[in-house]
Structures are given as structure tokens and as C-alpha cells.
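Please read these numbers as outputs of a predicted model, since none were measured by experiment. The analysis underlying the following values was restricted to heavy atoms, covering all of them including side chains, and did not include hydrogens, waters or symmetry mates. In this chain, numbering begins with 1 at the start of the sequence shown.
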Amino acid sequence: MINLTDSAVNAIKSAISSSERRAGGLRVMIEAGGCNGFKYKMDIADEPKPDDTVIDCDGLKVFVDSKSREHLAGTTIDFVLAPESSGFTFHNPNAATNCSCGKSFG
């Protein structure tokens, strides 16, 4: 359903290990808004909710809620280090349009 590159897994595991919050995994979701209609949202989560799909990515648990599943199917999340801007990128085959910020789609 969702794929994470090794770079993304390492960045997330690093964030989780330095977090003071109890972390059981990463929540990935879609919300209305952003430049093109939908925006990606990620957060450390302590446990899955009852309707979540739980995906194991190299030992990292990823939680996806039922409303976001169809929008995220086939998405690859990467973490890119670049001089001009570093961060997570989303390669989503379901997106008809993408914003130049890389954080929203339509």
C-alpha cells in the first residue's frame, strides 16, 4: 500500500528515537486543504486506531486511517537531503496534480 525508502525509514526512526513521546509508529494521513485540494500529514503515533491499516516497513509500523487509504495506495515516501531544501517527498500515483511544495495534491 505505502512504500518507504531506506532514507525515509532511517529519518523516521531517528525522529522516533529522539522523541520524548511514546511512539509505536508513524501515522500517515490525507487532509482536505493545501494548494491542490489535499495535503499529506505525518505524525508520530503511540498505537494504531481500530480502523487503521498497519504496514510494516523495515521494522517501522505505519498507520493509515480508512479515509486516507484510497488516496495513498501505491505512494512512495522518501526523505531527500538537498542544499536548497531537505525533507519528505511523496510520489503518489493517484495524484492528478501536485503542488510545487510537494506537500499537497489534487
Side-chain angles (χ1 to χ4, degrees):
M1 167 181 224
I2 291 179
N3 301 302
L4 275 72
T5 65
D6 290 342
S7 179
V9 169
N10 291 335
I12 295 163
K13 284 182 176 178
S14 176
I16 287 173
S17 70
S18 65
S19 174
E20 294 180 10
R21 291 175 51 191
R22 180 176 169 265
L26 175 74
R27 177 167 304 288
V28 179
M29 66 193 95
I30 300 298
E31 289 185 341
C35 305
N36 284 322
F38 294 104
K39 62 183 176 181
Y40 300 104
K41 190 169 179 185
M42 298 188 333
D43 194 13
I44 295 171
D46 38 329
E47 60 186 33
K49 294 180 182 175
D51 72 332
D52 284 348
T53 297
V54 179
I55 304 160
D56 186 282
C57 294
D58 195 26
L60 174 68
K61 301 289 184 203
V62 179
F63 311 138
V64 181
D65 64 75
S66 61
K67 294 179 185 175
S68 301
R69 272 192 289 257
E70 69 179 272
H71 297 292
L72 291 170
T75 297
T76 297
I77 301 172
D78 193 10
F79 184 79
V80 178
L81 291 170
E84 63 280 353
S85 110
S86 297
F88 291 97
T89 61
F90 299 82
H91 304 281
N92 186 341
N94 304 302
T97 58
N98 290 300
C99 181
S100 61
C101 72
K103 306 295 181 209
S104 69
F105 68 99

Practice item. Could you pull out the closest heavy-atom pair between P93 and A73, with the gap in Å? Key: CG-O, 3.7 Å
Exercise for review: Would you please test T53 and R69 for side chain to side chain contact (heavy atoms under 4.5 Å, CB included) and show each step?
Suggested key: CA-CA 8 Å; T53 297; R69 272 192 289 257; 2.5 Å; yes
Treating [X] as the side-chain partner and [Y] as the backbone partner, does any N or O pair qualify as donor plus acceptor under 3.5 Å?
X: S18; Y: S14; value: yes
X: S19; Y: I16; value: no
X: T76; Y: H91; value: no

Practice item. Kindly give the cluster partners of V80, where membership spreads through any ILVMFWY side chain lying under 4.5 Å from a current member. Key: none
Quick one: list whatever passes side-chain contact (heavy atoms from CB on, under 4.5 Å) with [X], sequence neighbours left out.
X: S86; result: L81
X: K41; result: M29, E31
X: L26; result: I12, V28, M42

Review point. Between D52 and R27, is there a salt bridge with N-O shorter than 4.0 Å?
Key: yes
Review point. Quick one: CG on L72 to CG on N94, what's the gap to the nearest 0.5 Å?
Key: 8.0 Å
Exercise for review: State the OG1-CD1 distance between T89 and I77, to the nearest 0.5 angstrom.
Suggested key: 9.0 Å
Tell me which donor-acceptor pairs under 3.5 Å the side chains of residues 54-61 have, and how far apart each pair is, sequence neighbours excluded?
unit_1: D56; atom_1: OD1; unit_2: G59; atom_2: N; d: 3.1
unit_1: D56; atom_1: OD2; unit_2: K61; atom_2: NZ; d: 3.1

Review point. Would the number of heavy atoms belonging to other residues, nucleotides or ligands and lying under 6.0 Å from CD of E84 be above 12?
Key: yes
Solution key, residues 1-8 side-chain donor-acceptor pairs under 3.5 Å, sequence neighbours excluded:
unit_1: T5; atom_1: OG1; unit_2: A8; atom_2: N; d: 3.2
unit_1: T5; atom_1: OG1; unit_2: D78; atom_2: OD1; d: 2.6
unit_1: S7; atom_1: OG; unit_2: F79; atom_2: O; d: 2.6

Review point. Are F63 and I44 connected in the hydrophobic side-chain network, where two residues link if heavy atoms are under 4.5 Å apart?
Key: no
**Study point:** D46 side chain near R22 side chain, heavy-atom distance below 4.5 Å
**Key:** yes
Check your understanding: How are the rings of H71 and F38 set to each other: parallel, tilted or perpendicular (split at 30° and 60°)?
Key -> tilted
